[in-house]
Amino acid sequence: MTVTPQAVAAAAARSPLVRAGTMSALADLDELRFREEVEQYPNPLEDVPRFIDGKALPRRLAYALDSAQLDPSGQIVDLGAGLCWLSATLARRPEVEQVVAIEFSERRLVQLAPVALAYLEAPAHKVERRIADFHAHGLPDGSADWVVMDAAFHHAPDPVRLARVAFDLLRPGGRFLL
């Protein structure tokens, strides 16, 4: 499927963008600088789909969820959402009400995530893009049925503290998928 600029603009318009505030002292500013200034996505309309397809991300997620007999639903928080491929894929599930995609790179959320939303044909209105770091996300404790992370946990300077952030976000009976 080819992604058009019109589809990307429509996804961006339907997906709320929230700026949560200041970064915490634990934010990896070198990683943020990389994502904002160095990381290469010169042609997002081609590069984002190539990244998603090259790693077969939605297919692998479906396999993992099926194998583990997991059925994400309700309110989901995606910590370290990156390009939002995981948020977009989960938002396609009818039983998912909303996904809050937390990412500290404004460039990723503003320029690249709408491409992933459009490419994956996600219901963009169900994906809130939130510019924040893991530790200063601005969400209330107990607000998520699921907290998910893909390829972001290793960026935490204090993994135990990040796990606590995830568990604090969960409602009783919620799940943390890493």
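Starting from 1, each residue takes its place in the sequence as its number. Values below: every heavy atom of this structure, side chains too, minus hydrogens, waters and symmetry copies.
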Under the salt bridge (Lys or Arg N to Asp or Glu O under 4.0 Å) test, residues paired with Arg92 that sit two or more places apart: none
Atom CZ in Arg35, atom CZ in Phe104: separation rounded to 0.5 Å? 5.0 Å
Return each pair, listed once, that meets side-chain hydrogen bond (donor to acceptor under 3.5 Å, both in side chains) where at least one residue sits in residues 109-124; pairs must be two or more places apart or across chains. Asp53-Tyr119
Mind checking side-chain hydrogen bond (donor to acceptor under 3.5 Å, both in side chains) for Ser24 and listing every partner two or more places apart, or none if nothing turns up? Asp133
Under the salt bridge (Lys or Arg N to Asp or Glu O under 4.0 Å) rule, collect the residues that match up with Asp145, sequence neighbours excluded. Arg171
Residues that, via side-chain heavy atoms closer than 4.5 angstrom, fall in one hydrophobic cluster with Leu26: none
Please write out which residues are connected to Val77 in a hydrophobic cluster, directly or through intermediates, given that two of Ile, Leu, Val, Met, Phe, Trp, Tyr count as joined at side-chain heavy-atom separations below 4.5 angstrom. Leu79, Val100, Ile102, Phe134, Leu139, Val147, Met149, Phe153, Leu162, Val165, Phe167, Leu169, Leu170, Phe176, Leu178
List the atom pairs, donor and acceptor, that lie under 3.5 Å between side-chain atoms in residues 11-21 and the rest of the protein, sequence neighbours left out.
residue : atom : partner : partner atom : Å
Ser15   : OG   : Val127  : O            : 2.5
Ser15   : OG   : Arg129  : NE           : 3.0
Arg19   : NH2  : Glu106  : OE2          : 2.6

Residues in side-chain hydrogen bond (donor to acceptor under 3.5 Å, both in side chains) with Trp146, at least two apart? none
More than 12 heavy atoms of other residues, nucleotides or ligands under 6.0 Å from CZ of Arg107: is that the case? yes
Give every residue pair that meets the side-chain hydrogen bond (donor to acceptor under 3.5 Å, both in side chains) criterion with at least one member in residues 74-85, sequence neighbours excluded. Gln75-Glu97, Asp78-Ser87, Trp85-Asp150
Under 4.5 Å between side-chain heavy atoms, hopping through other hydrophobics if needed: is there a path connecting Val110 to Val8? no
Sequence neighbours excluded and cut-off under 3.5 Å, please list the side-chain donor-acceptor pairs for residues 54-65, or say none.
residue : atom : partner : partner atom : Å
Arg60   : NE   : Lys55   : O            : 3.2

Can a donor-acceptor pair be found, under 3.5 Å and without considering hydrogens, that links the side chain of Glu103 to the backbone of Leu83? no
Restricting to salt bridge (Lys or Arg N to Asp or Glu O under 4.0 Å), what partner residues turn up for Asp158, sequence neighbours left out? none
Taking only residues at least two apart or on different chains, which pairs with a member in residues 41-50 satisfy side-chain hydrogen bond (donor to acceptor under 3.5 Å, both in side chains)? Asn43-Glu46, Asp47-Arg50
